[in-house]
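Single-structure report; data block below.
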Number of protein chains: 2
Amino acid sequence: MRVNTPVDFGLLIRQARKARGMTQQQLARSAAVGRQWIVEIEAGKRRAELGKVMQTLAALDLTLSIRGEGIPETRKSEVPIEAIDLQAVLDAHRRTSR
Amino acid sequence: MRVNTPVDFGLLIRQARKARGMTQQQLARSAAVGRQWIVEIEAGKRRAELGKVMQTLAALDLTLSIRGEGIPETRKSEVPIEAIDLQAVLDAHRRTSR
DNA sequence: TTGATTTGTCGCCGCTCGCCTACATTAGCT
DNA sequence: AGCTAATGTAGGCGAGCGGCGACAAATCAA
């Protein structure tokens, strides 16, 4: 999902945290930040430290990506989208739907 | 491209800036930050303000997105990936390859 | 409702940010 | 080489961060 503002970050972090059934306290420990900081980032703090934000995303197992002119789609080390065997998909479909 | 650390942010911002032929001064003005700040973020400053980072990405026309468990692929307002007419693709393929 | 957990808010305080000006260094020209 | 623009660095400054402990308020379960 696209992220345009610090408020978006807050909402998504909170959403992911709840989806994992974590409390602010647990997330704070896991991300090595204060609980207070979690409260603030979830509220959309603009002046939050970039590094802590990324620690938090990592603690939630979330990945961040940038796209735009002049930025390659992936890095060498990144795993590209898995190739799809269209033929197999179509065969399977024919077998089940008729 | 995936972004895991503040250093990644720096490299990508610099890369995008150069791809647009902008100087640090120009980017700084466009993003409403100090030139000094651009120097630091490009060097991978961990404690940079989240808000300014996003202003800068916006000034470079870069988009940020988050992915992971519990985070929807897109927001209502976001434009989904364009649907592909597989039939047309296959037809075209057959026409050219045989 | 009651009790317990979770979340939000407050004040304090050391530390660092980010802007500014000015200077040093490096790149990119002809 | 020589000049100019661009980039990196330094010191100083006000402002705000983020951690802490302690409370309030809200949420949830039985």
Side-chain angles (χ1 to χ4, degrees), chain A residues 1 3-64 66 68-72 75, chain B residues 1 3-64 66 68-72 75:
Chain A
M1 177 186 276
V3 189
N4 299 306
T5 74
V7 172
D8 291 341
F9 263 104
L11 296 177
L12 293 184
I13 286 177
R14 160 161 267 173
Q15 195 171 345
R17 175 175 64 81
K18 296 212 158 179
R20 288 156 181 69
M22 299 174 78
T23 75
Q24 293 179 336
Q25 187 68 260
Q26 293 172 324
L27 176 56
R29 285 204 191 291
S30 171
V33 303
R35 186 180 68 86
Q36 165 68 7
W37 189 85
I38 298 291
V39 172
E40 292 179 337
I41 196 68
E42 288 190 353
K45 185 162 205 165
R46 285 171 310 173
R47 311 196 45 180
E49 292 185 17
L50 180 59
K52 288 186 193 297
V53 172
M54 316 213 54
Q55 289 170 25
T56 305
L57 294 182
L60 287 168
D61 202 42
L62 296 177
T63 67
L64 203 56
I66 289 190
E69 267 285 317
I71 304 293
R75 220 187 305 253
Chain B
M1 176 186 275
V3 189
N4 299 307
T5 76
V7 172
D8 291 341
F9 263 105
L11 295 177
L12 292 184
I13 286 176
R14 160 162 269 174
Q15 195 171 346
R17 176 175 64 80
K18 296 210 158 180
R20 287 158 183 68
M22 299 175 77
T23 74
Q24 292 179 337
Q25 187 67 258
Q26 293 171 324
L27 176 56
R29 284 203 191 292
S30 170
V33 303
R35 183 181 71 88
Q36 167 67 6
W37 188 85
I38 298 291
V39 172
E40 292 180 336
I41 196 69
E42 287 190 354
K45 185 162 204 162
R46 285 173 312 175
R47 311 198 43 180
E49 291 186 16
L50 179 59
K52 288 188 194 295
V53 172
M54 316 214 52
Q55 290 170 26
T56 306
L57 294 182
L60 288 168
D61 202 41
L62 295 177
T63 67
L64 203 57
I66 289 190
E69 267 284 318
I71 304 293
R75 219 188 307 253

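In the text below, chain A, chain B and the rest are named by the order of the sequence lines, each starting its count at 1.
- Of all heavy-atom pairs spanning B/Met22 and B/Leu60, the tightest one is SD-CD2, 4.1 Å.
- B/Ile13 has its CD1 atom 16 Å from the C1' atom of D/dT7, to the nearest Å.
- Listed candidates were D/dT7, C/dT7, C/dG8. Nearest to the side chain of A/Glu42 is C/dG8.
- Taking atom CD1 of residue B/Ile41 and atom P of nucleotide D/dG8, one finds them 13 Å apart after rounding to whole Å.
- If you check every strand for non-hydrogen atoms under 4.0 Å, A/Arg14 touches sugar and phosphate atoms only.
- Two residues are said to be in side-chain contact when any heavy atoms from C-beta on lie closer than 4.5 Å; A/Met54 and B/Val3 meet this criterion.
- Taking atom CZ of residue B/Arg29 and atom P of nucleotide D/dA6, one finds them 12 Å apart after rounding to whole Å.
- Atom CD of A/Gln24 and atom P of C/dT7 are 5 Å apart (whole Å).
- In this structure, CG of A/Leu27 is placed 10 Å from P of C/dT7, rounded to the nearest angstrom.
- With a 4.5 Å cut-off on side-chain heavy atoms, A/Thr56 and A/Phe9 do not count as touching.
- Using a 4.5 Å heavy-atom cutoff, the side chains of A/Lys45 and B/Leu50 are not in contact.
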| remark: With B for base contact, S for sugar-phosphate-only contact and - for none (protein heavy atoms under 4.0 Å), nucleotides 15-30 of chain D reads -SSSS-----------
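- Considering only heavy atoms from C-beta on, B/Arg20 stays 4.5 Å or farther from B/Gln26 through its side chain.
- Atom P of nucleotide D/dG8 and atom CZ of B/Arg17 are separated by 7 Å, given to the nearest angstrom.
- With a 4.5 Å cut-off on side-chain heavy atoms, A/Leu12 and A/Gln15 count as touching.
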